[in-house]
Structure formats: C-alpha cells, structure tokens
Undergrad: 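Have a look at this one before I ask anything.
What you see below is based on every heavy atom in this structure, not just the backbone, and it leaves out hydrogens, waters and symmetry mates. Counting begins at 1 with the first residue of the sequence.
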Amino acid sequence: MQRWKATVSYDGTLFAGYQVQPEGRTVQSEIERSLAKMHKGEDLRISASGRTDAGVHAIGQVCHFDSPLAIAGDRWQKALNALLPSDIRITKVEAVAPDFHARFSAQKKEYHYRLLTCSQPDVFRRHYAYHFPYSLNRDALEEGMRMFLGTHDFTSFSSARSTVEDKIRTIYRFEMDTSTDEIIFKVSGSGFLYNMVRIMIGTLLDAGQGRIEPKEIEAMLQEKNRIAAGKTAPPHGLYLYHVTY
C-alpha cells in the first residue's frame, strides 16, 4: 500500500464546495468517483489540506490517498485527468511517506483574493473576481493588512458556525498586487478558520472606503466576537493558492 500526495486545481463555480455532501456536486466526490473506477469499484477516501466553500477556487489544493496499485506518479496524473471533469485538474502526483497527512502535515497555506475594480462588470471574470467598482485608499488597505500580521486569536474573523475551539493563528505575510483593473490580496499563514480570509477582506474593504480606521482592526481582534468585524466577502474571488509542507 502506497500513500500518494496529489496537487489539485479546480474551478469552484459549479461545485457545492470541496467536501462530500448529501446533495450537490463536490470536488471530493468527483475525485473519489474517479479513483473508484481505477480500483474496479472499490471506494477510496481522500483527505485534503482543508475544505473550500461553494464558489471558491483552488490552484494548489493538496489531498492524499492510499492505493495498492503499482502506478508511477505521472501515470496517476494522466489516468485521473482522463476520468475527471474538465473543471478539476490534477497537476502533480507524488509518492509520500505513510505518515504524511494533507491536513495535519501542512506548515503554511497561502490564499489569494481577486478584486475587480473597473467601473463595469466583466462578463468573462464574473465567477473569478469580486467586482468592486468603488474608490479604495491604498494606504488604508496596507495599514489594515499590517494589523493582521503576527499571532492572534481570530475569533472575530471566523464564521459563527465554526466549531474549532483553538482560534489562534499566525499570519506571516499579507500584501497586494495591483494592475489596471484588479487588486490581488495575498495572505499566508499557519492556517485559516472558516471564512477567515473572506472576513478579513470584507473588513479591509471597509477600511479602504473609510468606513473604519485601519487601527480599529486591532480592537476587533481583541473583541473575539464575530459581530465586531466586517462583512464576509463573496466566495468567487477566493483561491487556495499553495500549501507548504
């Protein structure tokens, strides 16, 4: 039995999220269905670095699975991609040690959030960036991002539905790239709570519009109450970009 690590990219538009659900199309169910075909109907479970919600995309999601089949990594990639739908691609498969775990072995994750800033919506990017045609103060955005750096209790920036007890996380880097009509927020950390990145982005947009002072984010963190922070930004601008092991 060999454990395999697979790097996966997917367009989250038509998925009800990553994790298997009683109803709705999911990334996990599609990959497991393809693995079952390769194993003559035998069910194989995969474990991922984390879940993504409906509409959220991934460039570097990671999952692992165990298989008795003697297949090389590049052959795994080709075989799975031949069976998977076109909105999921396996970009790499490699053999790993038996104790590797896609979730628990992860050291760092990086997410990107794409903001479309042009005055009119772009029909071709409507599922891949959040259209936000309002003026934003760059200095306020940068100051707000600095408030998140370091180790904090992120209860205020986690969904009230989160059942995780330990909400302390470390943010290593938070920056943004700008182009003619787009801002890409890039954040990396030790881990992220349910809706954490989207709530941070929603709060930063409040700061960029002058609705709050960036320094208020520090008080929000100390409040440890979801209602203290800003709105949750829409899912379709979010990408799981990379997982470091």
Undergrad: Between Asp181 and Arg125, is there a salt bridge with N-O shorter than 4.0 Å?
TA: yes
Undergrad: So do Leu35 and Leu80 actually touch side chain to side chain, heavy atoms under 4.5 Å?
TA: yes
Undergrad: Would you please indicate yes or no on a ring centroid separation below 6.0 angstrom for Tyr111 and Tyr239?
TA: no
Undergrad: Look only at the side chain of Gln28 and the backbone of Val20, and say whether a donor-acceptor pair between them is shorter than 3.5 Å.
TA: yes
Undergrad: Are side-chain N/O atoms of Ser67 and His39 paired as donor and acceptor at under 3.5 Å?
TA: yes
Undergrad: Tell me the closest heavy-atom pair linking Gln209 and Ser135, and the distance in Å.
TA: CG-O, 3.9 Å
Undergrad: Would you say Ile184 ends up clustered with Phe148 if hydrophobic residues are merged whenever their side chains have heavy atoms under 4.5 Å apart, either directly or through other cluster members?
TA: no
Undergrad: Could you check, using the six-membered ring where one of them is a Trp, whether Trp76 and Phe65 have ring centers closer than 6.0 angstrom?
TA: yes
Undergrad: Decide side-chain contact (heavy atoms from CB on, under 4.5 Å) for Phe132 and Leu116; before the verdict, give the C-alpha distance in whole Å, the side-chain angles of both, and the deciding distance to 0.1 Å.
TA: CA-CA 6 Å; Phe132 196 83; Leu116 191 62; over 6 Å; no
Undergrad: Is Arg33 paired with Glu30 through a side-chain N to carboxylate O contact shorter than 4.0 Å?
TA: yes
Undergrad: If hydrophobic clusters are built by linking Ile, Leu, Val, Met, Phe, Trp and Tyr wherever their side-chain heavy atoms come under 4.5 Å apart, do Leu44 and Val96 end up in the same one?
TA: no
Undergrad: Could you check whether any side-chain heavy atom of Val93 comes within less than 4.5 Å of a side-chain heavy atom of Ile71, counting everything from C-beta outward?
TA: no
Undergrad: Under a 3.5 Å distance rule, please check whether Glu32 uses its side chain to pair with a backbone N or O of Ile46 as donor and acceptor.
TA: yes
Undergrad: Report the C-alpha distance between His64 and Arg103 in whole Å, list the side-chain angles of each, state the deciding distance to 0.1 Å, and finish with yes or no for side-chain contact (heavy atoms from CB on, under 4.5 Å).
TA: CA-CA 9 Å; His64 80 258; Arg103 178 183 175 189; over 6 Å; no
Undergrad: Could you check whether any side-chain heavy atom of Ile90 comes within less than 4.5 Å of a side-chain heavy atom of Thr7, counting everything from C-beta outward?
TA: no
Undergrad: Would Glu175 and Lys186 pass as an ion pair if we require N to O under 4.0 Å?
TA: no
Undergrad: Test side-chain contact (heavy atoms from CB on, under 4.5 Å) on Asn225 and Thr155 and set out the steps.
TA: CA-CA 6 Å; Asn225 189 329; Thr155 299; over 6 Å; no
Undergrad: Look at the side chain of Arg3 and the backbone N and O of Pro98, then say whether any donor-acceptor pair between them is shorter than 3.5 Å.
TA: yes
Undergrad: Hey, is CZ on Arg51 packed in by over 12 heavy atoms from elsewhere, all under 6.0 Å?
TA: no
Undergrad: So, does Glu110 use its side chain to make a donor-acceptor pair with the main chain of Leu240 at under 3.5 Å?
TA: no
Undergrad: For the backbone of Thr91 and the side chain of Gln77, can you confirm whether one donor and one acceptor N or O come within less than 3.5 Å of each other?
TA: yes
Undergrad: Tell me, please, whether Phe15 has Arg25 positioned over its six-membered ring: NZ or CZ under 6.0 Å from the ring centre and within 45 degrees of its axis?
TA: yes
Undergrad: So, Ser29 and Thr26: side-chain donor and acceptor under 3.5 Å apart, yes or no?
TA: yes
Undergrad: Take atom OH in Tyr241; do more than 12 heavy atoms of anything else shown fall under 6.0 Å from it?
TA: no
Undergrad: Would you say His127's side chain and Phe124's backbone share a donor-acceptor pair under 3.5 angstrom?
TA: no
Undergrad: Is the backbone of Gly230 close enough, under 3.5 Å, to the side chain of Thr203 for a donor and an acceptor to pair up by distance?
TA: yes
Undergrad: Are the side chains of Met200 and Tyr113 in contact, using a 4.5 Å heavy-atom criterion?
TA: no
Undergrad: To check you understand the geometry: which heavy-atom pair defines the closest contact between Gly12 and His57, and what is its length?
TA: N-ND1, 2.9 Å
Undergrad: Mind checking whether Arg198 and Lys231 have side chains closer than 4.5 Å, heavy atoms only?
TA: no
Undergrad: Using the rule given for salt bridge (Lys or Arg N to Asp or Glu O under 4.0 Å), can you reason through Lys215 versus Glu143, listing the C-alpha separation, both sets of side-chain angles and the distance that settles it, and then say yes or no?
TA: CA-CA 8 Å; Lys215 62 184 179 182; Glu143 184 180 352; over 6 Å; no
Undergrad: What's the shortest heavy-atom distance between Pro68 and Met1, and which atoms?
TA: N-SD, 3.6 Å
Undergrad: Write down the atom of Gly60, the atom of Val243, and the distance for their closest heavy-atom approach.
TA: O-CG2, 3.7 Å
Undergrad: Which is it for Thr52 and Tyr10 under the side chain to side chain donor-acceptor pair (under 3.5 Å) test, yes or no, and what are the steps along the way?
TA: CA-CA 11 Å; Thr52 53; Tyr10 48 86; 2.7 Å; yes
Undergrad: When clusters are formed by joining ILVMFWY residues with side-chain heavy atoms under 4.5 Å apart, either directly or through shared neighbours, do Tyr245 and Trp4 land in the same one?
TA: no
Undergrad: Please confirm whether the backbone N or O of Leu205 pairs with a side-chain atom of Tyr134, one donor and one acceptor, at under 3.5 Å?
TA: no
Undergrad: With a 4.5 Å heavy-atom cut-off, do Leu193 and Arg169 have their side chains touching?
TA: yes
Undergrad: Counting heavy atoms not belonging to Glu218, are there more than 12 under 6.0 Å from its CD?
TA: no
Undergrad: Less than 6.0 angstrom separating the ring centers of Phe192 and Phe154, yes or no?
TA: no
Undergrad: Could you tell me whether the side chain of Arg226 reaches within less than 4.5 Å of the side chain of Ile199, counting heavy atoms only?
TA: yes
Undergrad: If you take all heavy atoms of Gly50 and Gln61, which pair is closest and at what distance?
TA: O-NE2, 2.9 Å
Undergrad: Could you walk me through whether Ser158 and Val164 pass the side-chain contact (heavy atoms from CB on, under 4.5 Å) test, one step at a time?
TA: CA-CA 10 Å; Ser158 171; Val164 176; over 6 Å; no
Undergrad: Would you please test Arg161 and Tyr194 for side chain to side chain donor-acceptor pair (under 3.5 Å) and show each step?
TA: CA-CA 8 Å; Arg161 292 183 292 165; Tyr194 185 32; 3.0 Å; yes
Undergrad: Quick one: do Asp153 and Lys167 make a salt bridge, cutoff under 4.0 Å?
TA: no
Undergrad: Side-chain heavy atoms under 4.5 angstrom apart, residues restricted to Ile, Leu, Val, Met, Phe, Trp, Tyr: same cluster for Leu141 and Leu221?
TA: yes
Undergrad: Within a strict 4.5 Å, meaning less than it, do heavy atoms of the Asp11 and Tyr128 side chains meet?
TA: yes
Undergrad: Evaluate the ring planes of His101 and Phe104, with Trp represented by its six-membered ring, and classify them as parallel (under 30°), tilted (30 to 60°) or perpendicular (over 60°).
TA: tilted
Undergrad: Please give me the minimum heavy-atom distance between Val187 and Ile171, naming the atom from each residue.
TA: CG2-CG2, 3.9 Å
Undergrad: Take a 6.0 Å sphere around CZ of Arg173 and say whether it holds more than 12 heavy atoms from other residues, nucleotides or ligands.
TA: yes
